[in-house]
Amino acid sequence: MKRLTPNIVFAIMILAGALAFKYAQRIGLIGPDPDGRAVQVIIGLTLVFFANAIPKKLGRWRNAEAAKRAQSASRVAGWSFTLSGLAYSGLWAFAPLPVADTVSTAAVASAVVVTFVYTVWCCTGRTGGETAPISADNP
Amino acid sequence: MNLVFKALADPTRRRVLELLRKRPMTAGELSDHFPVSKPTMSAHFAVLREADLVDVQKSGKTLIYRLKLTVLEEALLGFAGTFGMLAGTGGKPSTLKRGTTS
């Protein structure tokens with residue numbers, strides 16, 4: 001339950017934000033958003049929010065090599081999704097609609113591909129290099 | 001966030017984080033990179049742990065550190081390194097004593 005609480009709070013914030021947005025439109029505080037730009041910007045920022053935390057989520061590891069690979073993969077995933085989320089939001093905020101529609105999707109798709117390819121490469125091929133055995137003999 | 005800024009303000013702690021970017025390391029391996037005493041290094045590790053920037057796992061008698069940075073914190077580390085170098089403090093080892101957290 002303790003781990004779920006922040007996510008439940010975040011979900012409530014999203015729902016409250018949507019209701020506030022709708023209410024503000026109804027009373028005329030903000031104009032209509034026929035192109036859905038605002039929603040897309042919020043989606044991009046949500047991606048940034050979650051991607052930012054990816055490298056911080058660490059599980060327990062079995063050995064030094066596994067820990068090194070997991071760390072590399074999660075850093076690449078975090079950076080690629082964060083940058084793609086920023087690009088997504090920026091494009092929907094400022095670019096012409098056809099450009100935003102196509103390029104923002106391509107940005108997120110690129111992040112998915114980069115993360116997938118790097119993770120597979122990380123988990124299958126690479127060994128050695130900077131990795132030194134971690135043991136009680138090497139404190 | 002204040003703890004993060006405090007942790008990143010010190011060049012020795014920034015160097016520790018840069019070393020951990022390559023791979024997880026034991027406390028001894030990390031200490032070997034710095035001309036300071038082990039108690040001083042322990043104090044630096046404590047500051048990093050307090051700021052939740054590193055994760056420590058015990059393996060037998062050995063403490064193994066690994067990076068625990070969000071993307072934003074890693075970007076801040078980069079900025080801090082750049083501005084630290086510009087301010088002329090980039091390579092200076094700190095003189096933090098055990099038990100202090102500044």
Side-chain angles (χ1 to χ4, degrees), chain A residues 3 6 10 44-89 107 111 114-115 118 122-123 126-139, chain B residues 1 3-5 7-8 14-34 36-42 44-45 48-81:
Chain A
R3 288 179 65 188
F10 190 73
L45 293 178
T46 307
L47 177 61
V48 171
F49 177 82
F50 284 105
N52 177 54
I54 290 174
K56 200 126 184 160
K57 309 275 183 205
L58 302 171
R60 289 190 70 79
W61 45 275
R62 292 164 296 161
N63 56 54
E65 183 61 30
K68 183 192 167 194
R69 290 177 178 193
Q71 177 176 298
S72 298
S74 67
R75 281 182 63 217
V76 168
W79 274 99
S80 59
F81 278 108
T82 300
L83 293 176
S84 74
L86 287 172
Y88 190 96
S89 287
V114 166
T115 301
Y118 187 83
C122 221
C123 293
R126 219 160 40 110
T127 55
E130 286 281 346
T131 306
I134 293 174
S135 69
D137 302 330
N138 187 16
Chain B
M1 206 62 191
L3 290 173
V4 172
F5 282 117
L8 295 180
R14 288 202 300 271
R15 180 81 183 118
V16 168
L17 294 174
E18 280 160 15
L19 288 168
L20 289 175
R21 267 182 183 169
K22 295 176 189 165
R23 62 181 174 87
M25 288 186 184
T26 63
E29 281 177 306
L30 286 167
S31 300
D32 290 345
H33 287 84
F34 302 93
V36 293
S37 65
K38 295 215 169 183
T40 304
M41 283 309 294
S42 293
H44 282 305
F45 295 149
L48 289 170
R49 276 205 309 268
E50 193 184 359
D52 202 27
L53 298 180
V54 295
D55 176 60
V56 62
Q57 193 168 319
K58 202 166 184 180
S59 172
K61 289 180 182 176
T62 312
L63 290 176
I64 298 162
Y65 287 88
R66 61 178 167 165
L67 208 59
K68 195 181 177 189
L69 296 178
T70 63
V71 173
L72 176 63
E73 286 163 349
E74 198 171 339
L76 282 174
L77 172 64
F79 280 121

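So you know, we letter chains A, B, ... as the sequences are listed, proteins then strands, and number each from 1.
- Not counting sequence neighbours, the partners of B/Glu73 by the salt bridge (Lys or Arg N to Asp or Glu O under 4.0 Å) test are A/Lys56.
- With contacts defined as side-chain heavy-atom distances shorter than 4.5 Å, the pair A/Lys68/B/Lys22 does not qualify.
- Heavy-atom minimum distance, B/Val71 versus A/Thr82: CG2-OG1, 3.6 Å.
- Not one N or O on the side chain of A/Gln71 forms a donor-acceptor pair closer than 3.5 Å with the backbone of B/Arg66.
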key: Check against side-chain contact (heavy atoms from CB on, under 4.5 Å), A/Arg75 and B/Glu74   = CA-CA 10 Å; A/Arg75 281 182 63 217; B/Glu74 198 171 339; 2.4 Å; yes
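- Within the 4.5 angstrom heavy-atom criterion, only backbone atoms of B/Leu69 (N, CA, C, O) approach chain A.
- Every residue two or more places apart in sequence or in another chain that forms a side chain to side chain contact (heavy atoms under 4.5 Å, CB included) with A/Val114 is listed here: A/Val76, A/Ser80.
- Side-chain atoms of A/Asn52 come within 3.5 Å of backbone atoms of B/Leu72 as a donor-acceptor pair (strictly under, hydrogens ignored).
- Contacts of B/Leu30 with chain A are absent, with no heavy-atom separation under 4.5 Å from either backbone or side chain.
- Most heavy-atom pairs under 4.5 Å with chain B: of the set A/Ala53, A/Ala51, A/Pro55, this distinction falls to A/Pro55.
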